There are 2 protein chains.
Amino acid sequence: MDQNKIPQATAKRLPLYYRFLNNLQHQGKTRVSSKELSDAVKVDSATIRRDFSYFGALGKKGYGYNVEYLLGFFRKTLDQDELTEVALIGVGNLGTAFLNYNFVKNNNTKIVMAFDTDPEKVGTEIGGIPIYHIDDLEGKISGVKVAILTIPASEADSVTDRLVTKGISGILNFTPARITVPEHVRVHHIDLAVELQALVYFLKHYPLD
Amino acid sequence: MDQNKIPQATAKRLPLYYRFLNNLQHQGKTRVSSKELSDAVKVDSATIRRDFSYFGALGKKGYGYNVEYLLGFFRKTLDQDELTEVALIGVGNLGTAFLNYNFVKNNNTKIVMAFDTDPEKVGTEIGGIPIYHIDDLEGKISGVKVAILTIPASEADSVTDRLVTKGISGILNFTPARITVPEHVRVHHIDLAVELQALVYFLKHYPLD
DNA sequence: TATAAGTCGTGATTAATTTCACAATTAAGT
DNA sequence: ACTTAATTGTGAAATTAATCACGACTTATA
């Protein structure tokens with residue numbers, strides 16, 4: 001894996017860059033400078049140049065970056081050509097938001113199935129994605145490597161264990177529970193309450209003026 | 001502001017610690033070690049001790065931390081006594097998820113009003129929170145300092161401008177748009193598509209085994 | 001062609017964060 | 001009272017990330 005030298009902080013910004021470059025292309029722009037990109041994505045322009053530089057010299061001095069070239073490059077780097085299938089566990093409000101989001105437009109990921117326990121929902125589709133009963137998880141999920149967890153915290157541990165048993169590699173965890181997984185499984189936590197509290201804490205203790 | 005020396009990385013973890021300490025107290029635990037806490041919140045135990053140490057010597061060597069004492073301390077530090085009022089803009093699936101979440105239980109924040117354009121929703125309540133038409137934003141929102149943005153990206157800039165004009169201090173932005181605000185307004189971006197893409201990128205390029 | 005303005009790529013520096021590792025202290029058991 | 005095991009708090013080191021600042025190159029203009 002030749003990209004192992006890329007800092008994690010950089011890797012997290014790549015999808016953001018990719019989306020804005022896409023926007024630019026749709027607007028018909030053919031060139032862009034790190035300064036313009038900086039204004040758009042709110043990342044320091046030196047940081048952007050440094051980020052890009054990990055992939056080689058993608059720009060031209062005095063000119064900037066060619067949008068199409070850069071996009072093509074990122075498409076390959078971010079594996080935009082391969083589609084990663086994702087399962088969604090928990091079709092509440094948050095889960096439904098994901099199903100309606102239709103990531104696939106700009107993305108390399110697609111939710112291909114969802115699970116819930118509500119008999120009103122099981123057997124139906126949302127955004128074209130079939131909803132199965134969670135009891136059928138083991139039978140349906142084979143081959144899917146990534147799951148989004150949008151269930152109540154109380155279910156998080158048991159569902160996680162079942163996902164791990166079925167060989168999941170990555171979990172995007174929206175429950176407040178900090179789930180425990182084997183070493184080879186990667187979990188990213190997004191804790192909505194914590195995010196809101198952190199924002200409030202920063203407002204009070206780190207005044208911007 | 002005497003807490004200005006606390007690293008931002010630490011500040012972001014405080015709400016997480018707070019919630020887990022609360023859990024422990026409800027379970028009747030009276031003491032806890034940094035190692036136990038580490039297992040629960042998935043943060044290195046040395047990092048936890050360092051985080052706590054910014055607030056002074058809160059623990060006892062050979063013993064650990066007293067749950068109640070620590071909780072009391074964080075309650076003050078995190079301003080759990082004061083309630084910060086929050087407005088939610090956009091009552092789609094994601095917005096509805098927030099309204100049903102009922103943060104106030106463990107939290108210092110409360111969503112006190114919501115806005116949308118859908119005539120079916122305007123005038124109703126979800127989770128006890130009244131939903132107003134977004135045209136009434138200027139009339140209703142006075143005094144509220146924090147907003148959660150769960151609207152389509154296309155509306156993000158115009159709504160942000162209106163919020164800023166009304167004196168908002170902090171925005172939790174769930175739209176993919178990177179909004180532009182004056183210096184004195186703090187924005188935290190949570191970009192669901194980017195989070196999912198970043199997870200997939202890490203899975204492919206940073207294997208855990 | 002000469003000049004000016006713009007922009008990248010990057011060495012060097014600074015800043016922020018995490019982790020190691022251990023002396024000091026406490027609790028518990030015998 | 002003594003010993004053993006546990007655990008903190010923190011100096012120091014290591015790691016990671018952000019930022020500065022400038023030489024080199026490109027484009028545009030006169």
Side-chain angles (χ1 to χ4, degrees), chain A residues 3-17 20-21 24 29-71 73-74 77 183 189 198 201-202 205-206, chain B residues 3-14 16-17 20-21 24 29-71 73-74 77 189 198 201-202 205-206:
Chain A
Q3 255 114 13
N4 249 353
K5 317 90 168 284
I6 295 170
Q8 303 220 353
T10 296
K12 285 193 206 165
R13 286 187 288 263
L14 296 182
L16 185 62
Y17 296 148
F20 273 86
L21 289 170
L24 288 179
K29 299 250 314 180
T30 58
R31 64 182 266 195
V32 66
S33 70
S34 60
K35 181 66 176 54
E36 286 173 90
L37 219 37
S38 171
D39 291 341
V41 300
K42 316 295 179 196
V43 172
D44 183 84
S45 67
T47 300
I48 292 177
R49 292 199 301 280
R50 174 80 61 194
D51 283 347
F52 288 179
S53 77
Y54 292 114
F55 300 99
L58 303 177
K60 267 198 220 168
K61 301 180 182 192
Y63 172 88
Y65 300 91
N66 179 288
V67 172
E68 191 152 330
Y69 177 74
L70 207 49
L71 255 182
F73 192 85
F74 277 116
T77 304
E183 290 242 316
H189 297 277
Y201 184 86
F202 278 105
H205 296 277
Y206 297 76
Chain B
Q3 256 115 13
N4 251 352
K5 318 93 167 280
I6 295 171
Q8 302 221 354
T10 296
K12 285 192 207 165
R13 287 186 289 263
L14 296 181
L16 185 62
Y17 297 148
F20 273 87
L21 289 170
L24 287 179
K29 300 249 317 178
T30 59
R31 62 183 268 193
V32 65
S33 69
S34 61
K35 180 66 175 54
E36 286 174 89
L37 219 37
S38 171
D39 290 341
V41 301
K42 316 295 179 195
V43 172
D44 183 85
S45 68
T47 301
I48 292 177
R49 292 199 300 281
R50 174 81 61 195
D51 284 347
F52 288 179
S53 77
Y54 293 114
F55 300 100
L58 302 178
K60 267 198 221 168
K61 301 182 183 188
Y63 172 87
Y65 301 90
N66 179 289
V67 172
E68 191 152 331
Y69 177 74
L70 206 51
L71 255 182
F73 192 86
F74 277 117
T77 305
H189 298 275
Y201 183 86
F202 278 103
H205 297 277
Y206 297 76

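All chains are named by letter (A, B, ...) in the order of the sequence lines, taking the proteins before the strands, and each is independently numbered beginning at 1. Treat the numbers as computed from the prediction; the structure is a model and nothing was measured.
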Under 4.0 Å between a side-chain N or O of [X] and OP1 or OP2 of [N]?
{"X": "A:T47", "N": "D:dT19", "answer": "yes"}
{"X": "B:K61", "N": "D:dA6", "answer": "no"}
{"X": "A:S34", "N": "C:dC8", "answer": "yes"}
{"X": "A:R49", "N": "D:dC22", "answer": "no"}
{"X": "B:R31", "N": "D:dA6", "answer": "no"}
{"X": "A:K60", "N": "D:dT27", "answer": "yes"}

(message) Does the plane of the ring in A:F74 sit parallel, tilted or perpendicular to the ring in A:Y17? Use 30° and 60° as the thresholds.
(response)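 If you compare the ring of A:F74 with that of A:Y17, the planes turn out tilted.
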
For [X] and [N], give me the distance from atom [atom1] to atom [atom2], rounded to whole Å.
{"X": "A:Y54", "N": "C:dT10", "atom1": "OH", "atom2": "P", "answer": "11 Å"}
{"X": "A:K35", "N": "C:dC8", "atom1": "NZ", "atom2": "P", "answer": "11 Å"}
{"X": "B:L70", "N": "D:dT8", "atom1": "CG", "atom2": "C1'", "answer": "13 Å"}
{"X": "A:F55", "N": "C:dT10", "atom1": "CZ", "atom2": "C1'", "answer": "16 Å"}
{"X": "A:K12", "N": "D:dT16", "atom1": "NZ", "atom2": "P", "answer": "13 Å"}
{"X": "B:K5", "N": "C:dA16", "atom1": "NZ", "atom2": "P", "answer": "15 Å"}
{"X": "B:I6", "N": "C:dA15", "atom1": "CD1", "atom2": "P", "answer": "20 Å"}
{"X": "A:D51", "N": "C:dC8", "atom1": "CG", "atom2": "P", "answer": "13 Å"}

Could you check if a side-chain atom of [X] sits within less than 4.5 angstrom of a side-chain atom of [Y], using non-hydrogen atoms only?
{"X": "A:K12", "Y": "B:Y201", "result": "no"}
{"X": "A:F52", "Y": "A:L37", "result": "yes"}
{"X": "A:V41", "Y": "A:R13", "result": "no"}

(request) Record whether the side chain of B:R50 comes under 3.5 Å of the base of C:dT19 through a donor-acceptor pair of N or O atoms. (result)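 Checked by distance alone, the answer is yes.
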
(message) Under 4.0 Å, heavy atom to any atom of DNA chain C: which of residues 62-69 of chain B qualify?
(response)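 Within residues 62-69 of chain B, the residues near DNA chain C are B:G62, B:Y63.
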
(request) For A:D44 and for B:A46, locate the closest nucleotide of DNA chain D by heavy-atom distance; then report the residue assigned to the nucleotide nearer the 5' terminus. (result)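 Per heavy-atom nearest nucleotide, the more 5' residue is B:A46.
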
Let me have the donor-acceptor pairs involving side chains of residues 60-67 of chain A, under 3.5 Å, with sequence neighbours excluded, atom names and distances please.
from  : atom 1 : to    : atom 2 : distance (Å)
A:N66 : OD1    : A:E68 : N      : 3.0
A:N66 : OD1    : A:Y69 : N      : 2.9

(request) May I ask you to check whether over 12 heavy atoms, not counting those of B:K35, lie within 6.0 Å of atom NZ? (result)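 No.
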
(request) Could you tell me which non-hydrogen atom of B:S45 sits nearest to which non-hydrogen atom of B:S34, and how far apart they are? (result)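 Closest pair (atom of B:S45, atom of B:S34, distance): CB-O, 3.6 Å.
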
